[in-house]
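Structure first, then comments.
Proteins get letters first, then strands, A, B, ... in listed order; numbering begins at 1 in each.
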2 protein chains.
Amino acid sequence: MLKPIQDRTRATRAKLIETAQGIIAAKGYGALRVEEVVQTAGVAKGTFFAHFAGKDGLMELVIAARLNTFLDEAERWPAPQTIDDLIAHIMPLIQFMTTERYVFDVILRHSGAAAREEIGPIAQTFTRQVDVVARWLADSPFRKDISGHLLAEGVQAFLVQAMALHFCAVSNSETMEDRLLTYLDAWLNPRVAS
Amino acid sequence: MLKPIQDRTRATRAKLIETAQGIIAAKGYGALRVEEVVQTAGVAKGTFFAHFAGKDGLMELVIAARLNTFLDEAERWPAPQTIDDLIAHIMPLIQFMTTERYVFDVILRHSGAAAREEIGPIAQTFTRQVDVVARWLADSPFRKDISGHLLAEGVQAFLVQAMALHFCAVSNSETMEDRLLTYLDAWLNPRVAS
DNA sequence: GAAATTAGTTGACCGCGGTCAATTTTAGAG
DNA sequence: CTCTAAAATTGACCGCGGTCAACTAATTTC
């Protein structure tokens with residue numbers, strides 16, 4: 001699987017991914033059916049499962065690819081000097097994660113590594129996100145009493161929290177940005193006499 | 001559904017829940033099959049879906065009930081004066097949430113309200129958890145520059161983060177308690193010159 | 001180039017959650 | 001007690017993800 005020796009294999013796999021992305025573009029992630037993918041791609045159902053670790057496996061690849069393009073963008077930003085900037089820089093990523101409930105669920109489900117030994121592609125984007133934010137925070141005017149890595153992990157925790165609340169019926173009074181601002185200000189700029 | 005007028009209805013519903021809990025006790029949450037529940041309970045499949053909003057609906061009820069017993073316990077504790085105490089008081093809840101991957105997934109999926117208008121039972125336990133922790137923090141020697149409610153929301157965010165990492169293959173070097181301690185110390189006791 | 005091995009593909013089949021028109025049971029009206 | 005409308009139950013059926021023994025195509029061996 002990791003070393004598709006034959007051209008045939010690579011072609012089949014590429015065709016399946018391409019077909020899937022077409023369906024996703026047309027109907028959204030949640031509407032993707034494996035049956036439709038294989039029918040449209042013109043292969044048997046079993047072939048699909050020979051190439052991917054199930055529907056979730058394909059989703060991981062496709063979603064992780066998308067997340068990585070957003071992280072590529074984010075990486076190009078200079079270190080944000082305000083929390084508003086910080087939020088603005090990761091907002092595209094957050095926006096994508098929250099466009100579809102199904103996508104958010106898949107991401108959450110795979111944010112830890114899927115299998116032992118092998119860390120899944122979505123889990124990798126979480127690691128990468130922490131790295132990107134940690135690098136930012138190294139050159140930012142926020143609290144310095146803890147490591148940038150820990151600070152970045154906290155940012156991630158609050159991002160997830162804010163996104164989860166976004167799908168919650170109760171707290172629709174506040175926008176996601178406002179909630180994030182409150183969280184991150186309290187996390188990155190604690191105003192406490194030490 | 002909310003007003004089971006007939007005794008028959010209440011009996012059927014109770015029998016289904018009882019049966020389900022028996023199966024869960026014997027095989028775990030993830031092994032529960034609707035088919036097995038209805039067969040064991042001696043009712044038709046359609047009946048199950050007339051009583052619950054699907055398998056997930058039943059799971060919500062059963063899991064939320066369990067979460068609430070842990071919150072009942074937690075509520076009886078006095079306000080913790082150290083972070084270790086705080087962690088100790090909430091650990092039974094965390095322990096339950098992380099015993100089965102499936103349970104954690106269900107909880108996460110329902111931590112926001114399931115449907116508009118109606119807030120689901122698991123989402124309610126999240127609200128309740130924030131309230132319990134907020135009440136604790138009001139009488140605790142932690143930072144006071146932000147509201148107890150916001151502080152408690154942050155605790156919840158870090159709890160979720162720590163639990164998610166618990167299922168992650170990468171970070172098995174650290175125990176969940178250690179990770180929580182690091183997070184909550186940074187959150188509740190920021191040591192920054194203000 | 002034929003035989004043997006390995007890689008890739010196929011589609012009938014299964015498990016399981018969920019639906020719904022038909023049927024039975026119950027509650028209330030006359 | 002009977003008739004009727006509402007409530008509850010039934011089980012055949014469906015959708016869809018996933019499996020696997022059989023089959024075909026490519027690669028290696030001699």
Side-chain angles (χ1 to χ4, degrees), chain A residues 1-20 23-24 26-63 100-103 105-106 109-110 114-115, chain B residues 1-20 23-24 26-63 100-103 105-106 109-110 114-115:
Chain A
M1 203 70 59
L2 290 172
K3 287 183 179 181
I5 304 173
Q6 299 185 12
D7 283 353
R8 181 173 55 144
T9 312
R10 293 168 53 91
T12 307
R13 189 187 172 87
K15 187 165 55 180
L16 282 170
I17 292 178
E18 203 178 332
T19 306
I23 295 173
I24 289 167
K27 308 186 188 176
Y29 289 85
L32 186 127
R33 302 281 169 265
V34 173
E35 214 130 349
E36 190 183 352
V37 174
V38 295
Q39 272 174 19
T40 309
V43 300
K45 212 168 178 183
T47 305
F48 181 94
F49 292 93
H51 281 273
F52 309 103
K55 183 182 172 175
D56 254 35
L58 172 66
M59 278 302 176
E60 254 205 285
L61 293 182
V62 177
I63 291 175
E100 262 187 68
R101 178 65 201 252
Y102 172 74
V103 172
D105 283 346
V106 171
R109 202 166 344 120
H110 292 90
Chain B
M1 201 71 61
L2 289 173
K3 289 182 177 181
I5 305 172
Q6 300 185 11
D7 283 353
R8 180 173 55 146
T9 313
R10 294 169 52 90
T12 306
R13 191 187 170 87
K15 185 165 56 179
L16 282 170
I17 293 178
E18 203 178 332
T19 306
I23 294 172
I24 289 166
K27 307 186 188 176
Y29 289 86
L32 186 126
R33 302 282 168 265
V34 172
E35 214 130 350
E36 189 182 353
V37 173
V38 294
Q39 272 175 17
T40 309
V43 300
K45 210 167 178 183
T47 304
F48 181 94
F49 292 92
H51 282 272
F52 309 103
K55 182 182 172 176
D56 254 36
L58 172 66
M59 279 302 176
E60 253 205 287
L61 294 181
V62 176
I63 292 176
E100 262 187 68
R101 179 65 200 254
Y102 172 75
V103 172
D105 284 344
V106 171
R109 203 169 341 123
H110 292 91

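Note: CZ (B/Arg13) to C1' (D/dA7) measures 15 Å, nearest angstrom. If you take CZ of A/Arg10 and C1' of C/dA7, they are 16 Å apart, rounded to a whole angstrom. Atom CG in B/Asp7 sits roughly 17 Å away from atom P in C/dT25 (whole-Å rounding).
Remark: B/Glu18 pairs with no residue by the side chain to side chain contact (heavy atoms under 4.5 Å, CB included) rule, at least two apart or across chains. Taking A/Arg33 as the reference, nothing meets the side-chain hydrogen bond (donor to acceptor under 3.5 Å, both in side chains) condition, with sequence neighbours excluded. Every side-chain hydrogen bond (donor to acceptor under 3.5 Å, both in side chains) that A/Asp56 has, sequence neighbours left out, goes to A/Arg109, A/His110.
Using a 4.0 Å cut-off, no side-chain N or O of B/Thr12 falls inside it from OP1 or OP2 of D/dA8. Between B/Thr9 and D/dA7 there is no side-chain polar atom (N or O) within less than 4.0 angstrom of OP1 or OP2. The phosphate of D/dA8 (OP1 or OP2) has no side-chain N or O of B/His51 nearer than 4.0 angstrom.
Taken from OG1 in A/Thr12 to NE2 in A/His51, the straight-line distance is 4.5 Å, to the nearest 0.5 Å. For the atom pair CG of A/Leu58 and OG1 of A/Thr19, the computed distance is 10.0 Å after rounding to the nearest 0.5 Å.
B/Glu100 places no side-chain N or O within donor-acceptor distance of the main-chain N or O of B/Gly28, the cut-off being under 3.5 Å.
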For residues 39-47 of chain A, dump all side-chain donor-acceptor pairs below 3.5 Å to protein atoms at least two apart in sequence or in another chain.
unit_1  : atom_1 : unit_2  : atom_2 : d
A/Thr40 : OG1    : A/Glu36 : O      : 2.7
A/Lys45 : NZ     : A/Glu35 : OE1    : 3.2

| query | Dot-bracket for DNA chain D: what is it, with Watson-Crick or G-U pairs under 3.5 Å, [ ] where a pair crosses earlier ones, and | for a pair to another strand? | reply | ||||||||||||||||||||||||||||||
| remark: In 5'-to-3' order, the base (B), backbone-only (S) or no-contact (-) status of each nucleotide in nucleotides 15-22 of chain C, using a 4.0 angstrom heavy-atom cut-off, is -SBBBB--
| When you look at A/Leu16 and A/Phe52, which way does the side-chain contact (heavy atoms from CB on, under 4.5 Å) test go after all the steps? | CA-CA 10 Å; A/Leu16 282 170; A/Phe52 309 103; 3.8 Å; yes
